[in-house]
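Presented below is the structure to which this report refers.
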Number of protein chains: 2
Amino acid sequence: MRDLDVTFAALADPTRRAILARLAKGEASVMELAQPFVMSQPAISKHLKVLERAGLISCGRDAQRRPRRLETRPLRDANRWLENYRQFWDAQFRRLDDLLQDLQTGNPMIKKNKIKKKKSARLKGDQE
Amino acid sequence: MRDLDVTFAALADPTRRAILARLAKGEASVMELAQPFVMSQPAISKHLKVLERAGLISCGRDAQRRPRRLETRPLRDANRWLENYRQFWDAQFRRLDDLLQDLQTGNPMIKKNKIKKKKSARLKGDQE
DNA sequence: CATATATATAACCTAATAGTAATATAACAA
DNA sequence: TTGTTATATTACTATTAGGTTATATATATG
């Protein structure tokens, strides 16, 4: 899905995630959003344009101000995508999987980190 | 969090998301992963390196093959981050105040000490 | 040994990102 | 009007991303 490209790309920047976190408290002007950061105002405006293009914020108007507010549909969509993988990190699922394997083999010991292995291939763990 | 940068950036590419979807069915070699795509094998290897650097996959060895498998901890972490915003797209309302602290800590781009500019000073005039 | 297969690496190109400073625009205020 | 504030836009630069082709490396096999 093309939208996920833009959404995840927008979320990949800490400044933009901080902006979203700020907007979670309520709408804010560009100056208010820029205040915590060391970068210039045009840089913030650029980040806001990225967030806007991703549909993560929308823009209002109040005199000279253009208050932004959070729009959460892209967040919900990203969350839905991630939910497809929930079974892989869900601890309960993993414990259940181990329990089933133990029942099959008659092994009373609970093994940790038993995820579907295949053939004789060894898998090295992730680095960090 | 720096990890979220790399995770979201890795997820922002449709080829990489497709690779993860394939690996959700079980581990696969580079050739198997490359097969559905029109791009060259080195391009796939590059994508795999991105995914590996993000901790989203790990690498095993089986003769000449280097089967990749899904690693879901970054997905879980990304999901946790998104969960902070769940209330915005959920019907049910939850108090948000406790979350805000977590959302805004650990960001390297945030100023340590906010210095207020004098009201008579031109915004553009003085720079740090 | 020579060769085929699977994957990685190097060198290169192009386009996009993320920042800057300077300037433009638009609304308010005196 | 003049000036100030808030924001956007332009022009520029450096870095990174994503692709290519060509080549290197590692392993299996005849």
Side-chain angles (χ1 to χ4, degrees), chain A residues 2 5-19 23 27-35 37-54 57-69 119-124, chain B residues 2 5-19 23 27-54 56-69 107-111 116-128:
Chain A
R2 175 102 198 297
D5 291 21
V6 190
T7 301
F8 282 132
L11 295 180
D13 186 281
T15 302
R16 290 195 288 262
R17 288 198 306 277
I19 288 175
L23 290 177
E27 55 179 50
S29 70
V30 176
M31 281 288 117
E32 288 168 336
L33 291 172
Q35 180 269 325
F37 301 102
V38 209
M39 68 186 67
S40 65
Q41 170 262 316
I44 298 294
S45 280
K46 271 194 177 184
H47 282 303
L48 293 177
K49 200 168 353 185
V50 172
L51 290 169
E52 211 156 359
R53 231 168 33 91
I57 63 175
S58 58
C59 185
R61 52 172 50 202
D62 166 33
Q64 314 106 303
R65 289 166 204 89
R66 295 290 177 272
R68 304 313 211 278
R69 67 174 173 276
K119 298 185 178 179
S120 58
R122 295 182 304 106
L123 289 160
K124 79 176 178 203
Chain B
R2 178 102 200 294
D5 291 22
V6 191
T7 301
F8 282 132
L11 296 180
D13 186 280
T15 302
R16 290 194 290 262
R17 288 198 307 277
I19 288 174
L23 290 176
E27 56 179 51
S29 71
V30 177
M31 281 287 119
E32 289 168 335
L33 292 172
Q35 180 268 323
F37 300 102
V38 209
M39 66 186 70
S40 66
Q41 170 263 315
I44 298 293
S45 280
K46 271 194 178 184
H47 282 302
L48 293 176
K49 200 176 334 192
V50 172
L51 290 169
E52 209 155 0
R53 231 167 34 90
L56 283 159
I57 63 175
S58 57
C59 185
R61 49 173 50 201
D62 168 33
Q64 312 107 303
R65 287 164 206 91
R66 295 290 178 274
R68 303 314 211 277
R69 93 178 206 205
N107 193 317
M109 301 294 282
I110 291 183
K111 278 181 190 169
K116 272 285 193 181
K117 300 197 186 285
K118 293 153 193 83
K119 51 181 169 234
S120 61
R122 284 178 52 241
L123 179 63
K124 293 294 161 195
D126 43 354
Q127 55 238 11
E128 47 267 349

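Taking 4.0 angstrom as the limit, A:His47 places a side-chain polar atom (N or O) nearer than this to OP1 or OP2 of C:dG19. Distances shorter than 4.0 Å separate none of the side-chain N or O atoms of A:Arg65 from OP1 or OP2 on C:dC28.
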- Sequence-aligned protein contact record of nucleotides 20-30 of chain D, with B where the base is within under 4.0 Å of a protein heavy atom and S where only the sugar-phosphate is: BBB----BS--

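Separating the CZ atom of B:Phe8 from the C1' atom of C:dT17 is a distance of 18 Å, rounded to the nearest angstrom. In this structure, CE of A:Met31 is placed 15 Å from C1' of C:dA27, rounded to the nearest angstrom. Here the C1' atom of nucleotide D:dG18 and the CG atom of A:Asp5 are 13 Å apart, to the nearest Å. Rounded to whole angstrom, the span from the NZ atom of A:Lys49 across to the P atom of D:dT10 amounts to 8 Å. To the nearest angstrom, P of D:dT7 lies 12 Å from CD1 of A:Ile19. Per the geometry, CG belonging to B:Asp13 stands 14 Å off C1' belonging to D:dT16, to the nearest Å. The CD1 atom of B:Ile44 sits 15 Å away from the C1' atom of D:dA17 (whole-angstrom rounding). Here the C1' atom of nucleotide D:dT9 and the CG atom of A:Leu48 are 14 Å apart, to the nearest Å.
Between B:Val50 and B:Val6, every side-chain heavy-atom pair lies at or beyond the 4.5 Å cut-off.
A:Arg65 is linked by a side chain to side chain donor-acceptor pair (under 3.5 Å) to nothing, counting only residues two or more places apart in sequence or in another chain.
Here CG of A:Asp5 is found 9.5 Å from CZ of B:Arg16. Values are rounded to the nearest 0.5 Å.
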- Message: Between B:Leu11 and B:Leu56, does the side-chain contact (heavy atoms from CB on, under 4.5 Å) criterion hold? Intermediate values first, please.
- Response: CA-CA 9 Å; B:Leu11 296 180; B:Leu56 283 159; 4.0 Å; yes

- Query: For B:Phe8 and A:Asp13, what are the C-alpha separation, side-chain angles and deciding distance, and is it a side-chain contact (heavy atoms from CB on, under 4.5 Å)?
  - Reply: CA-CA 8 Å; B:Phe8 282 132; A:Asp13 186 281; over 6 Å; no

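The salt bridge (Lys or Arg N to Asp or Glu O under 4.0 Å) with B:Glu52 is formed by just one residue from the set B:Arg69, B:Arg66, B:Arg68; it is B:Arg68.
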